[in-house]
Amino acid sequence: MQQLQVIQITHDAKQLIILDQTQLPNHENYLTLTTLQQMWDAIKLLQVRGAPAIGVFAGYAMAVLAQYDQHTNYTQFKETFDQQANYLNTARPTAVNLSWALQRMKNYVVEHKEDTRTIKKGLIDEAKRIDAENIAMNQKIAEYGLTLLHEGDGILTHCNAGYLACLGYGTATAPMYLAHESGMHIHVYSDETRPLLQGARLTSYELFKAGIDVTSICDNMASIVMKQGKIQCAMVGCDRIAANGDFANKIGTSGVAILAKYYNIPFYTLAPSSTIDFNTPDGQHIHIEERNEEEIGEMWYKEPMILKDIKKYNPSFDVTDHSLLTAIVTEKGIVYPPFDVNLKKLFNHQ
Ligand code: MRU
């Protein structure tokens, strides 16, 4: 499978290089990041985006920042490291993978009270492990997800949970890639995903480049393609799964889930375990990021399409109630309702 490199570090781990996703699909540009502020901005501005990719990015970001730290004293090194991680964590609140990866890097420092030179090297390896584990998890998600697909299926997806957002096979796209590789014919309908157009700009781009049969539709066309019988299931990614199975994903996802329920179409979310947050009991406790109002009225248009003084509201995610969800596909298997019981069982969570 031919892919652009989304996140990489240089050999000396002094530079973090990312594909600038804000420039896709027309420009494949790379950015070189070396400072904390550049890294924070890259997440905030969605130059790097998608919950699992943000997690992998955060691991590498902390490894790179550590290389610039001059402290030889462990306590001072750790203090700076924690401060930097805490700051990076403020860039995007909804995707739990960010805090998950930062916590893992912080834990590494706590568990390795060694000289700072050794810790710095170890942090590079830890970031690489997060990256490799994520890709392996997506492979397993692909295998489990494939069992839910049939020859000739039409699949609706929302936003972008492909390799640009999750690396490897992606999450929601993972079974699609595997189906395609194994010769199965599928057809994907990709919602445009207003206001940032991740579906139009990124998902259809990714799938098309991979040779997968994909059709781009506007968000308000999901209902008609379902009614016309073109959709046999919906597969989406997610940014945080609460303990009861409620999950946050890109704005518009819950609307797709409600439609799927109405038309009796299976609705799946696919995610690695790093997206499951057992500390959040249900969707009401998930913090939803609100973004700049220009994204609604001005971005992508030659001139503003909503008068300046009109109020705008731009929640970036919504929560899909677990009652609308057919199953959650993870690297450990497919979880069916009751999610509060079965998620804990599969992940051995007390
Ligand atoms: O705001 P973004 O572009 O980072 O949005 C995240 C997403 O791409 C989606 O919500 C996605 O379906 C989950 S992340 C794999």
Side-chain angles (χ1 to χ4, degrees), residues 6-7 18-25 42-58 91-98 100-101 134-135 137-138 141-142 145 155-177 188 190-207 219 234-241 247-257 267-277 283 286-292 295-296 299 314-320 325 328-331:
V6 180
I7 302 167
I18 58 162
L19 176 67
D20 181 355
Q21 297 197 32
T22 62
Q23 303 296 309
L24 290 172
I43 300 176
K44 186 73 185 173
L45 300 173
L46 272 61
Q47 290 163 333
V48 61
R49 49 153 295 286
I54 293 173
V56 171
F57 173 89
R92 296 205 66 187
T94 308
V96 71
N97 307 59
L98 175 59
W100 174 87
N134 175 64
I135 289 181
M137 289 193 280
N138 292 349
I141 289 171
I155 307 159
L156 182 76
T157 192
H158 189 78
C159 196
N160 172 257
Y163 82 82
L164 294 163
C166 316
L167 314 173
Y169 272 124
T171 53
T173 56
M176 304 173 196
Y177 282 117
V188 182
S190 163
D191 277 353
E192 66 174 342
T193 319
R194 287 265 304 145
L196 289 177
L197 308 184
Q198 290 95 330
R201 293 189 303 110
L202 308 175
T203 301
S204 56
Y205 163 88
E206 255 197 70
L207 297 179
D219 295 326
M235 290 188 158
V236 299
C238 65
D239 293 81
R240 189 183 293 246
I241 302 175
F247 72 98
N249 193 47
K250 183 53 55 189
I251 191 75
T253 302
S254 67
V256 175
F267 182 89
Y268 305 111
T269 188
L270 301 89
S273 48
S274 49
T275 305
I276 302 170
D277 180 7
I286 300 178
H287 178 186
I288 300 294
E289 177 185 5
E290 269 184 49
R291 294 184 64 89
N292 204 313
E295 289 180 354
I296 297 186
M299 219 170 172
N314 186 16
S316 191
F317 297 89
D318 60 22
V319 171
T320 298
L325 192 52
I328 302 172
V329 182
T330 74
E331 80 277 11

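Every value quoted in this text rests on a predicted model; they were computed, and no experiment measured them. All values below come from the heavy atoms of this structure, side chains included, with hydrogens, waters and symmetry mates left out. Count residues from 1 along the sequence. When a ligand or atom number is given, it counts from 1 through the structure's own listing order.
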>> Students should be able to answer this: which protein heavy-atom is nearest to atom 3 (O) of ligand 1, and at what distance?
In response: R49 NE, 2.5 Å
>> Below 3.5 Å, N or O to N or O, backbone or side chain included: is there any such pair between H158 and ligand 1?
In response: no
>> With side-chain hydrogen bond (donor to acceptor under 3.5 Å, both in side chains) as the test, pick out the partner of S316 among R291, E290, E295, K250.
In response: K250
>> Can you confirm whether the side chains of T193 and D191 place a donor and an acceptor under 3.5 Å from each other?
In response: no
> What atoms of ligand 1 come closer than 4.0 angstrom to any heavy atom of Q198?
Replying inline: 1 (O), 2 (P), 3 (O)
> Near N249, which atoms of ligand 1 are under 4.0 Å from a heavy atom of that residue?
Replying inline: 9 (C), 10 (O), 11 (C), 12 (O), 13 (C)
> Are any of the N/O atoms in T171 less than 3.5 Å from those in ligand 1?
Replying inline: no
> Can you tell which of N160, T203, D239, I43 gets a heavy atom nearest to atom 6 (C) of ligand 1?
Replying inline: D239
> Are any side-chain N or O atoms of N134 and backbone N or O atoms of V56, one a donor and one an acceptor, separated by less than 3.5 Å?
Replying inline: no
>> Can a donor-acceptor pair be found, under 3.5 Å and without considering hydrogens, that links the side chain of N249 to the backbone of T320?
In response: no
>> Checking side-chain polar atoms at under 3.5 Å, does T94 have a donor or acceptor matched by the opposite partner on D239?
In response: no
> Considering all heavy atoms of both residues, which atom of V319 and which atom of S254 are nearest to each other, and what is their separation?
Replying inline: O-CB, 3.6 Å
>> Between E331 and S273 (side chain of the first, backbone of the second, donor and acceptor by atom type, cut-off under 3.5 Å), is there such a pair?
In response: yes
> Quick one: does R92's side chain have a donor or acceptor within less than 3.5 Å of a partner on A51's backbone?
Replying inline: no
>> Quick check on contacts: which atoms of ligand 1 are under 4.0 angstrom from a heavy atom of C238?
In response: 13 (C), 14 (S)
> Do any heavy atoms of V236 fall under 4.0 Å from ligand 1?
Replying inline: no
> Do NZ/NE/NH1/NH2 and the carboxylate oxygens of D277 and R240 come within less than 4.0 Å?
Replying inline: yes
> At the 4.0 Å heavy-atom cut-off, does E289 count as touching ligand 1?
Replying inline: no
>> I'd like the name of whichever of A95, G162, C166 reaches closest to atom 15 (C) of ligand 1 through any heavy atom.
In response: C166
> What are the atoms of ligand 1, with element, lying closer than 4.0 Å to any heavy atom of R92?
Replying inline: 1 (O), 2 (P), 4 (O)
> Looking only at protein heavy atoms, which one is nearest to atom 14 (S) of ligand 1, and how far off is it?
Replying inline: A51 N, 3.2 Å
> Does a donor on one side chain and an acceptor on the other come within less than 3.5 Å for N160 and R201?
Replying inline: no
>> Give me the residue, atom name and distance of the protein heavy atom closest to atom 7 (C) of ligand 1.
In response: C159 SG, 3.4 Å
>> Quick check on contacts: which atoms of ligand 1 are under 4.0 angstrom from a heavy atom of K250?
In response: 1 (O), 2 (P), 5 (O), 9 (C), 10 (O)
>> With heavy-atom distances below 4.0 Å as the criterion, list the atoms of ligand 1 near P52.
In response: 15 (C)
